[in-house]
Amino acid sequence: MTNHNEKQPDQPAILGGTPVCDTGPPDWPFENEAVTEALQTVISNRTWGKYHGPNCEELSQKLAAYHDCEYAVLCASGTAAIELALRGLKVGPGDEVILAGYDFKGNFQDILTVGAIPVLVDLREDNWNLDVEQIESAITEKTTAIIATHLHGGVVDLPRLMSIANERNIPVIEDACQMPGANLFGKKAGMWGDVGALSFGGSKLLSAGRGGALVTNQEEIVQRARLYSHRGNEAYPLSELQAAVLLPQLKQLNEQNETRTRNVNTLLEMLSSQKAIVPFANLEPDTEPGHYKLGFQYNADECAGLSRDSFATAIRAEGIALDAGFRSLHKIHSKRRFRAVSDLAVADRADESVLVLHHPVLLQGQKQLAEINIAVEKVVAHSAEIGEHLSG
Ligand SMILES: *Cc1c(COP(=O)(O)O)cnc(C)c1O
């Protein structure tokens, strides 16, 4: 006699089976003794409550030294960093700013905030990041900046972009919010562009709950950004408390990046026979991308037509932090808000089929990595049933 209450190990959790990872995805940030100590220090010396204290000063210096650049300007978020970069480059009303059709929504919003017009360019077929070969067709006499964002473990070909941009005298903002400390073509992420942007948001690799920074060698950008961020009531700066928790994390960043890279390689090896999810390729020489999100292209044909969102829901039910990617910018904004230089066919596909794995699991062990693979196998094998279940 079969016991109907007994859960089948290979039954997907979304159909009533046992989740592969019954503790659910790890919560970020992790416990961190060095951060606890830093907090104790700022409590005892009371710098936590100061407008201007030693922590921001030290973080700014350490970030600049880490990036081997002249200036690091701290600010309230990565979104504020991009806005300050635009202001630092004197981008204003009537100007055009080029960015990828699939990008962080705040970047599009920042361009509108300074009164400029976003100009959308399509993605590379192989890694679904900005296709720099299409930049030239987007440039007009109104182009005053290009935003290049490294997304989901894929990288933009910055050396090539800089040669195109320098020839035309157009400054580049490099959005390194997803990969602080990554080695890209022999430089730190953020150091190829005229100015780089970092985020210290609550889910990010370096986290203070909120926060951001600009890194650059150009004094004029810094002067304008500082002038803007300090005017009025100083709405843009980072706090002493935030700087205090970031200092020990910056110290740990290289080691954690190495662990993430090693674990990404292990995971991709495990997943290499999966046709349902194909990783954003990294075929660049001299490059080790960072991993805030590990991106995949979802292939519904391998899953009985199961939608991307249903696939993510089923994997989530297994206790794995896999989610849909961004919406593509042309899909969520009125056509009056931007100009597009092509039909954005690849960005269309990205809109429908990007999946991203959240990074905390990448600092865990072999067991947790193997669970991701098991969850994917389970959901793929039962995709037809899951489709019926979720639509019924
Ligand atoms: C997180 C992020 C930002 C900035 O985010 P904030 O939450 O404003 O700090 C910018 N660009 C990308 C690609 C990001 O992932």
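Atoms within each ligand, like the ligands themselves, are counted from 1 in listed order.
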Would you kindly say whether [X] and [Y] are connected by a side-chain donor-acceptor distance under 3.5 Å?
X: Tyr66; Y: Asn254; answer: yes
X: His150; Y: Tyr292; answer: no
X: Asn55; Y: Gln242; answer: no
X: Asn45; Y: Thr47; answer: yes
X: His358; Y: Lys293; answer: yes
X: His291; Y: Asn257; answer: no

Would one find an N or O of Asp103, backbone or side chain, under 3.5 Å from an N or O of ligand 1?
no
Looking only at distances, can you tell me whether any N or O atom of Ser199, backbone or side chain, sits closer than 3.5 Å to an N or O atom of ligand 1?
yes
Could you list the atoms of ligand 1 found under 4.0 angstrom from a heavy atom of [X]?
X: Leu151; answer: 13 (C)
X: Lys204; answer: 1 (C), 2 (C), 3 (C), 5 (O), 14 (C), 15 (O)
X: Ser77; answer: 8 (O), 9 (O)

Which residue holds the protein heavy atom closest to [atom], what is that atom called, and what is the gap in Å?
atom: atom 11 (N) of ligand 1; answer: Asp175 OD2, 2.7 Å
atom: atom 10 (C) of ligand 1; answer: Phe104 CD2, 3.3 Å
atom: atom 8 (O) of ligand 1; answer: Thr79 OG1, 2.6 Å

Heavy atom under 4.0 Å from ligand 1: found in [X]'s side chain, backbone, both, or neither?
X: Ile82; answer: neither
X: Thr149; answer: side chain
X: Cys177; answer: side chain

Glu133 atom CD, neighbour heavy-atom count above 12 within 6.0 Å:
yes
List the steps, then state whether side chain to side chain contact (heavy atoms under 4.5 Å, CB included) holds for Val114 with Glu83.
CA-CA 7 Å; Val114 302; Glu83 185 197 331; 4.2 Å; yes
If you compare Gly78, Ala208, Gly209 by their heavy atoms, the one closest to atom 6 (P) of ligand 1 turns out to be Gly78
